[in-house]
Amino acid sequence: MAEEYAAAAPPVPADGAPPAFPSQYDESGQTSFDKVEADLRGAPLRIICQMPDGSMQEVACNMGHDVMYAKGQLSRKTEIDFGRLKLFMGGKLMFDPLSFNDFPDIVNSPTKEIQVQVTVDPEQA
């Protein structure tokens with residue numbers, strides 16, 4: 001019975017003609033949606049976060065991600081509540097809804113590696 005549900009090879013037309021519908025994958029194995037998603041995600045970005053205690057944490061994301069995404073990654077790594085974290089670059093607060101494409105210093109960075117300072121708000125009772 002299991003043989004009935006095994007994946008079958010696509011039928012080959014008897015006349016050797018190409019299939020009626022083109023493959024959704026290109027020669028690299030990506031679909032057009034994969035390409036659009038990669039374009040929107042943007043270049044890889046490495047963020048070095050200087051924590052208040054002097055330690056460094058690294059967050060990997062992409063230029064198309066927003067600050068909130070990076071804070072979420074940092075929160076998971078450090079187990080510090082997301083709402084208590086603030087990221088600063090060049091002394092300026094990096095607002096959550098902005099993507100990294102909104103920061104000219106990051107866009108113009110040839111290495112796409114930046115350093116940010118992190119502050120942690122006190123816990124509220």
Side-chain angles (χ1 to χ4, degrees):
M1 185 141 199
E3 293 83 29
E4 293 176 44
Y5 298 105
V12 177
D15 62 0
F21 296 100
S23 172
Q24 62 181 344
Y25 299 97
D26 66 7
E27 57 280 347
S28 67
Q30 289 192 324
T31 67
S32 60
F33 292 112
D34 293 333
K35 291 176 185 176
V36 169
E37 181 182 8
D39 286 344
L40 292 173
R41 210 176 17 231
L45 178 63
R46 184 172 172 233
I47 304 171
I48 309 300
C49 302
Q50 183 178 358
M51 302 300 293
D53 65 2
S55 66
M56 302 292 215
Q57 293 287 333
E58 182 178 327
V59 173
C61 59
N62 295 82
M63 289 294 294
H65 283 124
D66 56 19
V67 173
M68 192 180 308
Y69 178 86
K71 282 175 52 176
Q73 297 298 314
L74 184 61
S75 175
R76 284 186 196 95
K77 281 186 170 192
T78 61
E79 297 183 358
I80 298 171
D81 183 48
F82 171 88
R84 296 176 55 212
L85 295 171
K86 290 185 179 151
L87 304 182
F88 292 83
M89 188 173 71
K92 295 181 182 176
L93 177 64
M94 300 175 79
F95 292 101
D96 287 351
L98 297 177
S99 84
F100 294 106
N101 285 312
D102 294 321
F103 297 91
D105 290 344
I106 300 173
V107 171
N108 296 327
S109 167
T111 62
K112 299 298 183 249
E113 180 176 311
I114 62 165
Q115 291 204 6
V116 299
Q117 295 73 42
V118 179
T119 63
V120 180
D121 289 341
E123 289 187 63
Q124 294 185 355

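Residue indices begin at 1 and follow the sequence shown. None of these values were measured; they are calculated from a predicted model.
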Could you tabulate the donor-acceptor pairs under 3.5 Å formed by side-chain atoms of residues 116-125, not counting sequence neighbours?
unit_1 : atom_1 : unit_2 : atom_2 : d
Asp121 : OD2    : Lys86  : NZ     : 3.4

Problem set entry | Closest heavy-atom pair and its distance - Phe82, Ser75 |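 Nearest pair, atom of Phe82 first, then Ser75: N-OG, 3.4 Å.
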task = Specify the closest pair of heavy atoms between Leu87 and Ala70, including all atoms of both residues, with the distance to one decimal.
result =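 Closest approach of Leu87 to Ala70: CD1-CB, 4.5 Å.
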Do Leu85 and Phe88 land in one hydrophobic cluster if side-chain heavy atoms of ILVMFWY residues count as linked below 4.5 Å?
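Yes, same cluster.
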*In Å and rounded to the nearest 0.5 Å, what is the OG to CE distance from Ser99 to Met68?*
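Ser99 OG to Met68 CE: 12.0 Å, rounded to 0.5 Å.
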Gap separating the CG atom of Leu45 from the CZ atom of Phe103, nearest 0.5 angstrom
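Leu45 CG to Phe103 CZ: 10.5 Å, rounded to 0.5 Å.
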Next on the checklist: So, using side-chain contact (heavy atoms from CB on, under 4.5 Å) as the criterion, who are the partners of Asp81 when residues are at least two apart?
Outcome noted: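 Asp81 satisfies side-chain contact (heavy atoms from CB on, under 4.5 Å) with Arg84 only.
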**Report entry** Pairing residues for Thr78 by the side-chain contact (heavy atoms from CB on, under 4.5 Å) criterion, not counting sequence neighbours
**Finding:**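 In terms of side-chain contact (heavy atoms from CB on, under 4.5 Å), with neighbours along the sequence ignored, Thr78 is linked to Met51, Gln57, Leu74, Ile80.
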- request: Give every residue pair that meets the salt bridge (Lys or Arg N to Asp or Glu O under 4.0 Å) criterion with at least one member in residues 42-61, sequence neighbours excluded.
  value: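 Listed once each, the pairs are Arg46-Glu58, Arg46-Glu113.
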Summary of salt bridge (Lys or Arg N to Asp or Glu O under 4.0 Å) pairs that have at least one residue in residues 90-112, sequence neighbours excluded |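 Of all non-adjacent pairs touching residues 90-112, those that pass salt bridge (Lys or Arg N to Asp or Glu O under 4.0 Å) are Lys71-Asp96.
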* Could you tell me which residues satisfy ring pair (Phe, Tyr, Trp, His ring centres under 6.0 Å) with Phe95, sequence neighbours excluded, listed by chain and number? =>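 Checked Phe95 against ring pair (Phe, Tyr, Trp, His ring centres under 6.0 Å); zero matches.
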Side-chain heavy atoms of Met89 within contact of Ile106, under 4.5 Å |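 Heavy-atom side-chain distance check passes, below 4.5 Å.
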Self-check item: For Phe100, the option from Asp66, Val107, Ile47 that meets side chain to side chain contact (heavy atoms under 4.5 Å, CB included)
Solution: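 Between Phe100 and the candidates, side chain to side chain contact (heavy atoms under 4.5 Å, CB included) is satisfied uniquely by Ile47.
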